[in-house]
2 protein chains.
Amino acid sequence: MGDLKKRSECPISSSLDIWGDKWSLLIVRDLMFAKQCTYGDFLKSDEKIATNILASRLQMLEENGVVIKQDHPDSKAKVLYKLTQKGIGLLPLMLEINLWADKYLTIPADRKAILEEVKKDKEGFIKVKTVELMERLELK
Amino acid sequence: MGDLKKRSECPISSSLDIWGDKWSLLIVRDLMFAKQCTYGDFLKSDEKIATNILASRLQMLEENGVVIKQDHPDSKAKVLYKLTQKGIGLLPLMLEINLWADKYLTIPADRKAILEEVKKDKEGFIKVKTVELMERLELK
DNA sequence: ATTTGCACTTGCAAAACGCAAGTAAAATTA
DNA sequence: TAATTTTACTTGCGTTTTGCAAGTGCAAAT
């Protein structure tokens, strides 16, 4: 289904071929900043992604090594999605998107507050958050 | 045509509503790293964007204040596209995409070389490049 | 005066999207 | 134990977007 055909060798282009659509980075966002992510959890997000689109994007991201599926500890009916190292590596990019939006768009006050933290010590924030995500990934 | 309907208040989502497709950031890339950008110049890029898609994306980016059209100094038949401040503000994001691709995808050797510069002094690179783009914007 | 260059626009088939409904297995409830 | 609900998808189908080719109109060059 979501098989990758590169349009060029350009790193920007190659990256966009993987997650350059309106939905993929929202999935990554949920995986980065929500406590836990099952299929149903993604559907609860404000943007209201359609179920078939969600399925195809998750498959695409999995095929490209950005996310992995894991067994849910509580139930066989549930699936836990998590970011791989490659997915966690998108953190700096996600922060820059937030900072750009903060500067040039209108964003909610509570988000602005969190971004103040990031602006104060970007490298520190990335380190701490990366460790958190890596630990979350470990406990299989 | 390209009128913006926000899916949510989330900064990531709002940003993607503007440039979150397979082509917009390639246009921004050309504006950032090529010497000059007319309509025809964009068409020459490796990814071979279709003429109608290019027109709709340029309109969308212009409507959202990311690019502006200027008269070409040499000819009335030509149009020069340039990044606005808002567009120039995408530089850190573009660099992070490059760095992610460098780490997790396969990219050409000559690109890797330039990225070594960026890795050495990211803040410095951003400052210098921003000044360059601002100057380019001035000379109307 | 005619041709070429440039910035688009138009038409149309193919693909992707988005909504609603359906399915199958697991978990819960009666 | 049987019936219902939850969970993770899949399927159908109408609408929208994409991508390719061809066309248009103005400016510049020949």
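Keep in mind that this is a model prediction, so the values were computed, not measured. Within every chain, numbering begins at 1; the chains are lettered A, B, ... in the order of the sequence lines, protein sequences first and strands thereafter.
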Exercise. Compare the minimum distances between each of D/dT18, C/dG18, D/dT10 and the side chain of A/Ala55, then state the nucleotide with the smallest one.
Key: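 In terms of side-chain proximity for A/Ala55, the closest of D/dT18, C/dG18, D/dT10 is D/dT10.
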Quiz prompt | Nearest-nucleotide pick for B/Asn52, side chain only, options being D/dC20, C/dA21, D/dT7 | solution =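 Nearest listed nucleotide: D/dC20.
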Quiz item: Do other residues, nucleotides or ligands put more than 12 heavy atoms under 6.0 Å from the NZ atom of B/Lys76?
Solution: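 No, the 6.0 Å shell around NZ holds no more than 12 heavy atoms from other groups.
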Self-check item: Toward the 5' end of DNA chain C, by each residue's nearest nucleotide, A/Lys48 or B/His72
Solution: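 Result: B/His72.
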In whole angstrom, give the distance that lies between atom [atom1] of [X] and atom [atom2] of [N].
X: A/Tyr81; N: D/dT7; atom1: OH; atom2: P; result: 15 Å
X: B/Arg57; N: C/dT9; atom1: CZ; atom2: P; result: 14 Å
X: B/Leu54; N: C/dC8; atom1: CG; atom2: P; result: 8 Å
X: A/Ile53; N: D/dG12; atom1: CD1; atom2: P; result: 16 Å
X: A/Glu47; N: C/dG18; atom1: CD; atom2: C1'; result: 15 Å
X: A/Lys78; N: D/dT5; atom1: NZ; atom2: P; result: 18 Å
X: B/Lys5; N: D/dT17; atom1: NZ; atom2: C1'; result: 12 Å
X: B/Lys69; N: C/dC6; atom1: NZ; atom2: P; result: 16 Å

Self-check item: Close approaches to DNA chain C from residues 19-45 of chain B, in residue order (heavy atom, under 4.0 Å)
Solution: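 Hits under 4.0 Å, by residue number: B/Thr38, B/Tyr39, B/Gly40.
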Practice problem: For the residue pair A/Ser24 and A/Asp21, confirm or rule out a side-chain donor-acceptor distance under 3.5 Å. | Solution: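 Distance-only check passes for A/Ser24 and A/Asp21.
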Quiz prompt | Passing candidate, side chain to side chain contact (heavy atoms under 4.5 Å, CB included) with B/Met32, options B/Leu90, B/Ile27, B/Leu25, B/Leu95 | solution =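 Going through the options one by one, the only one that passes is B/Leu90.
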Quiz prompt | Base versus backbone protein contacts along nucleotides 23-30 of chain C [heavy-atom cut-off under 4.0 Å; B, S, -] | solution = ---SS---
Exercise. Considering only NZ, NE, NH1 and NH2 on the basic side and carboxylate oxygens on the acidic side, decide whether A/Arg111 and A/Asp102 come within less than 4.0 Å.
Key: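 Answer for the salt bridge query: no.
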Self-check item: A/Glu116 bridged to A/Lys112 by N-O distance under 4.0 Å
Solution: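 Judged by the 4.0 Å cut-off on N to carboxylate O distance, A/Glu116 and A/Lys112 do not form a salt bridge.
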Quiz item: Is B/Arg7 close enough and on-axis enough to A/Trp23, meaning under 6.0 Å and within 45°, for cation-pi?
Solution: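 Positive - B/Arg7 is close enough to the ring of A/Trp23 and near enough to its axis.
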Exercise. List for me each residue that meets side chain to side chain contact (heavy atoms under 4.5 Å, CB included) alongside A/Asp41, sequence neighbours excluded, and say none if there are none.
Key: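 Testing A/Asp41 for side chain to side chain contact (heavy atoms under 4.5 Å, CB included), a comparison that skips the adjacent residues, returns A/Gln36, A/Thr38, A/Lys44.
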Quiz item: Can any side-chain N or O of B/Asn98 pair as donor or acceptor with the backbone N or O of B/Met94 at less than 3.5 Å?
Solution: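 Flag set: sc B/Asn98 to bb B/Met94 pair under 3.5 Å.
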Practice problem: Determine yes or no for a side-chain-to-main-chain donor-acceptor pair under 3.5 angstrom, with B/Lys86 supplying the side chain and B/Asn64 the backbone. | Solution: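 Yes; judged by distance alone, with no hydrogens or angles, the pair exists.
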